[in-house]
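Please read the structure below before turning to the comments.
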Amino acid sequence: MMKNLVVGLILIASVVSPSLHAAGQDSSQTSQSQKSPPVPPVYFDSLLNGLQILIVERPGPSDAVIGFTIKKGSAFDLVGKEGSADLLARLVLRGSQTVNDRPLSQLFQELDTKADVLVTLDMTRFTFQTPVKNLPYVFPILAEILTRSVFPETDVTQVKQQRLAELRQANQSLLAQAQAECMKLIFARHPYARPVEGTAATYETITPADLSRHHRRFYLSNDSILTVVGNVSAQAVMQLIRPTFGAMRKGKVVPSTFVAPTPPTGIQIKLFDRPQMREAAICVGYLTRGRDADSYLPLVLLNQALVQLLQQSANAFAPEQVTITNSLNIHRLAGAVTITANAPARLGPTVLTNLFKMLERAREISAPELSATKSSLATHVAAQVQTHRQLADQLQDIELYGLARDYIVAFQQRLDQITLQQVKNVASDILSTTNAHVVVIGPAAELAEPLKSVGTVELVK
C-alpha cells in the first residue's frame, strides 16, 4: 500500500557565514521570521529484497534526479587496501564499459544522462540526472551497472593508473596536511582516520578480486537507498524500479565493529619538523559524538558562533598575517571539530595559546550571539532543498543517518528548543583547554621549546 510521508533535512556540517541579523534579536523573533522551507510529500516504499525507495513528485524542470546510496563507504576498506571503495565506484561509471554491447558513455550521451559519484567515509552515492521521458530506458542501465560485480583487469589497471597519477600530483596545502594529521590523532585506530581515496601505496595493492569482494559484501539491496525526484508519479516510477532493481542481490549487512576512538589526556602536541619553513601550520582537534546524537544541533550552532571569535583572534595579530578557520566533520559513528591556523613560525606558540583562550571565551556564548546564529542557520538550511539534486541528497542522508522523517518540517521547532545552556554544555564538554590533540608543522628549532609550555611535545623529523 502506498504511504505518503513528509520527510526532513540533514544539516551539512560546515561553517556558515555569520548572520547579518541584529545582534539583539531573540529566539522568539527568529521563530516568527524564519519558517521551515516547504517540501512536497514523499512516497516511501521498499522492495522484497529490502531496497529502500523514496519518490518525490515535484513540478519544475523536465529532468529527474535519481540517487542511489550504498550505506557503506571507505571506512569499510580493508587495512592495506584503502581506496577500494573509491576505485570501485569509479569503475562502475567507467564510460568504456558496455551494456548490451554498447559503451556506457555512448548510452548516457544518447539519453542525455549525466552521472557522478561521491564516496565518503560513510557511504557511496551515485547520482544521475536524466529527462523524465528517458526514465524507462535509464533504469535498466543503472540496475545493470550497479549490480554487476565483474571488473576486467584491463579496466582496473587503466583506472588505477589514472587515479595514481592524480594522487601523486596532488599538492596538499600545509594547513590541509596539518588537518589530515590531526584527524589521524583524533580517530586513532578507527577507520575514520584514513583518507577516503587511500594513498598511492595502498591503491597499487588493490586487485580485481579485491574489488569483486568489496562489491559482493557492500553493494546490497537491503543496505541501499534509491531516491527519485522530479515531475514524476510514484506509481509510474515503481513500475520501472520493480523489474530492474528488484533483481539486486540481498545479503548480510556488515556491522560497524570498529574500535571507538577516545579523547586525549592533556594537550598532546605532535610537531612535524620542517627546517626550511618560516611559517607554522597549526591544527587543534576534538572528538565529538556521531551524527544522530542529541548534541549535534547545539554543536552546529557553537561551530558557527566560533567564526566571529576566530576572526577576532586572528585580527589581534595585525599587521602580521595570521589566518584562523574552523570546521565540523560529523560522521555516522563519530565526528571532529578542528581549528586550523597559519602564522609566522615565531608567532606559532603564541597563536596556539590565544586559540585556547578563545575556546574559553566560546563557553560563554551570549543569548544575542546564539539568536543571530540560529537565524543564520535557518536561512542556510532553507537553501539546501531548492533543487531536485539538493532534495534527493538530503532525503538519502536522512535515511543514511536514521533521522526523523519530519526533520525539515519540524526543523525550526527543533532549532527554537535549543537553549543557551545546551550550547554552553556542548562547548564545555568538547572544546577542552586542558585535553586536546594538536598538530604543528614548522621549524622545530624555533617551535619546540616554546610549545613545551603549552603541552607535551612529540617531535617528528
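When side chains are defined from C-beta on, R291 does not count as touching H331, because their heavy atoms never get closer than 4.5 Å. Contact annotation: the side chain of K72 never approaches that of T124 to less than 4.5 Å [non-hydrogen atoms, C-beta and beyond]. Side chains of T456 and I269 form no contact here, defined as non-hydrogen atoms less than 4.5 Å apart.
Remark: D223 CG to R217 CZ distance equals 11.5 Å, nearest 0.5 Å.
Listed for the R163 side chain is no donor-acceptor partner under 3.5 Å among the backbone atoms of G83. A distance-only check finds no donor-acceptor pair linking the side chain of E144 to the backbone of V99 [under 3.5 Å]. A side-chain donor-acceptor contact under 3.5 Å links T353 to the backbone of P349. Formation of a donor-acceptor pair under 3.5 Å by the T147 side chain with backbone atoms of A143 is found in this model. Side-chain atoms of S212 never come within 3.5 Å of backbone atoms of A209 as a donor-acceptor pair (strictly under, hydrogens ignored).
Shown here are the side-chain contact (heavy atoms from CB on, under 4.5 Å) partners of S149, two or more places apart in sequence or in another chain: H215. Checked against salt bridge (Lys or Arg N to Asp or Glu O under 4.0 Å), R289 has no partners two or more places apart in sequence or in another chain. For A200, the side-chain contact (heavy atoms from CB on, under 4.5 Å) partners at least two apart in sequence or on another chain are L164, R168. For A336, the side-chain contact (heavy atoms from CB on, under 4.5 Å) test picks out M183, I186, F187, with sequence neighbours left out. With sequence neighbours excluded, no residue forms a side chain to side chain donor-acceptor pair (under 3.5 Å) with T265. Residues forming a salt bridge (Lys or Arg N to Asp or Glu O under 4.0 Å) with K357 (at least two apart in sequence, or on another chain): none. Take R213 and apply the salt bridge (Lys or Arg N to Asp or Glu O under 4.0 Å) test, not counting sequence neighbours, and it matches no residue. With sequence neighbours left out, the salt bridge (Lys or Arg N to Asp or Glu O under 4.0 Å) criterion links E197 to no other residue. Listed by chain and number, the residues in a side-chain contact (heavy atoms from CB on, under 4.5 Å) with K252 amount to none (sequence neighbours excluded).
The aromatic rings of F128 and F126 sit parallel, their planes meeting at an angle under 30°, below the 60° perpendicular limit.
T338 and Q179 form a side-chain donor-acceptor contact under 3.5 Å, judged by distance and modelled atom types alone. Looking at N222 and N49, their side chains never bring a donor and an acceptor atom within 3.5 Å of each other. Using modelled atom types and a 3.5 Å distance limit, the side chains of E82 and T199 yield no donor-acceptor pair. Between K71 and Q52, the side chains place a donor N or O and an acceptor N or O closer than 3.5 Å (distance only, hydrogens not considered). R389 and T387 form no side-chain donor-acceptor contact under 3.5 Å, judged by distance and modelled atom types alone. Looking at T207 and D210, their side chains do bring a donor and an acceptor atom within 3.5 Å of each other. Between the side chains of D122 and Y192, at least one donor N or O lies within less than 3.5 Å of an accepting N or O.
Within the structure, ring pair (Phe, Tyr, Trp, His ring centres under 6.0 Å) pairs that include any residue of residues 70-96 comprise F76-F218, F76-F258 (at least two apart or interchain). Listed by first and then second residue, the salt bridge (Lys or Arg N to Asp or Glu O under 4.0 Å) pairs that reach into residues 327-350 are E320-R346, sequence neighbours excluded. Applying the ring pair (Phe, Tyr, Trp, His ring centres under 6.0 Å) test to every pair with at least one member in residues 418-453, sequence neighbours left out, gives no pairs at all.
Between R405 and E399, at least one side-chain nitrogen of the basic residue sits less than 4.0 Å from a carboxylate oxygen of the acidic one, meeting the salt-bridge criterion. A salt bridge links R361 with E369: the closest approach of a Lys/Arg side-chain nitrogen to an acidic carboxylate oxygen falls below 4.0 angstrom.
Atom CD of Q421 sits in a crowded spot, with more than 12 heavy atoms from other residues, nucleotides or ligands closer than 6.0 Å.
Screening Q422, R414, K374 for a side chain to side chain contact (heavy atoms under 4.5 Å, CB included) involving L297 leaves a single residue, R414.
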